[in-house]
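Following: one structure in structure tokens, then a few remarks.
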Amino acid sequence: MTGRLEIKTPPLFNFWRTVYSHGWCSLPPYFVDKEHESLSRLVELGDGTLIQCVMRPKPGGITVALHCQTSLAAGQKNETRNLLCVCLRLKDNLSEFYREAARDSKYRWIPKAGAGRLLRAPTVFEDVVKMICTTNCSWSLTEVMVRNLTTVLGKSLGDGLSAFPSPQAIAGTTEAFLRKHIRTGYRSPYLLELATLVAEERLDLESWRSSPLSTEELFKEVKSVKGMGDYAAGNILKLLGQYDYLGLDSWVRAKFYELHTRGRKVKDSTIEKRYAPLGKWRGLFFWLEMTRHWYDHKFPF
DNA sequence: GCGTCCAGGTCTACC
DNA sequence: GGTAGACCTGGACGC
């Protein structure tokens, strides 16, 4: 069965700049079809229904082609719409950030480009699992781990389409299984513990998106998850809409050295001091500055 | 083809 | 609070 959704987008929203805001668009179940200029992903509704969503931009909005095994009720379409709004950050209010950007000639390109919305998953669980899979390895290994998670443990719609696995699906495996079949290595016990805590409702990751905690307290809570250190927690906070941390890893450090110190290494505290005056948006300014070169291309990678 | 070395974040033990 | 070593994998390199 097929269906269609039309989603309105906020002012200054740029579809491709959101899709290519960071590497998530190249990790399944996201898929960028460069030939047909679309972003697709399989979403799973609360009732277990799987829907393949193929998104294309249009003036003032997004058109979504829906493919699933049964006809969709209005409520299911609404749930799909809400999930895609979450992924594309359509309800995030960036007007204050854009005002700040417009005040500084270095950053005036940001509102003009419609940049600043960082693509995320429908669930915090998926974002956290993926973030752990980016730690201490090459991007190609991250791709291997996430691909294995979806194809081996995710629900399948057929045609090679798989959803991201539920906490229960991961919790139902063993550390040895994750090591052998998912290739998550020493991260396996961390993923197993995380999935078990979430599956048994002893850890509510989804509440982080509306947490009453201060950013500093939330950062500590994110870091209390095994496998989540400074880098991973800082970047998860950005996906939660809090931009106080830079989330430094080897790639952004090297980019900073290239842009600001002629390749000379400096302490992390030196980098942090440079962005401190940018206040609560500093993590977003920093990330956009480091990836400014991506915005010269429709498909930067 | 095989063995060795290294890069990549986080955790734990130790000072 | 700071630091060293271990964790695991893929890729680069030398033989």
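Every chain is numbered from 1 and lettered A, B, ... according to where its sequence line falls, protein lines coming before strand lines.
- Between A:R179 and A:S140, the residue anchored closer to the 5' end of DNA chain C is A:R179, taking for each the nucleotide with the nearest heavy atom.
- Remark: A:R120 fails to qualify as a cation-pi partner of A:W24 under the 6.0 Å distance and 45° angle criteria applied to the six-membered ring.
- Checking A:V144 against A:N136, the closest nucleotide of DNA chain C that is more toward the 5' end is the one next to A:N136.
- Nucleotides of DNA chain C that come within less than 4.0 Å of any heavy atom of chain A span, from the 5' end to the 3' end, C:dC7 to C:dG11.
- If you check every strand for non-hydrogen atoms under 4.0 Å, A:S250 touches sugar and phosphate atoms only.
- A nucleotide of DNA chain B counts as in contact with chain A when one of its atoms lies under 4.0 Å from a heavy atom; the first and last such, 5' to 3', are B:dG8 to B:dT12.
- Between its two ends, the helix from B:dG1-C:dC15 to B:dC15-C:dG1 turns its axis by 30°, counting five pairs per end and rounding to 10 degrees.
- Interatomic distance, A:K58 NZ to A:K8 NZ, rounded to the nearest 0.5 Å: 9.5 Å.
- Within a 6.0 Å radius of CD in A:E37, more than 12 heavy atoms belonging to other residues, nucleotides or ligands are found.
- Residue A:D249 is the one, among A:K226 and A:D249, whose nearest nucleotide of DNA chain B lies closer to the 5' end (criterion: closest heavy atom).
- Looking at A:L191 and A:V129, their side chains come closer than 4.5 Å, going by heavy atoms from C-beta outward.
- Within the cation-pi definition used here (under 6.0 Å to the ring centroid, within 45° of the axis), A:R41 qualifies as a partner of A:Y30.
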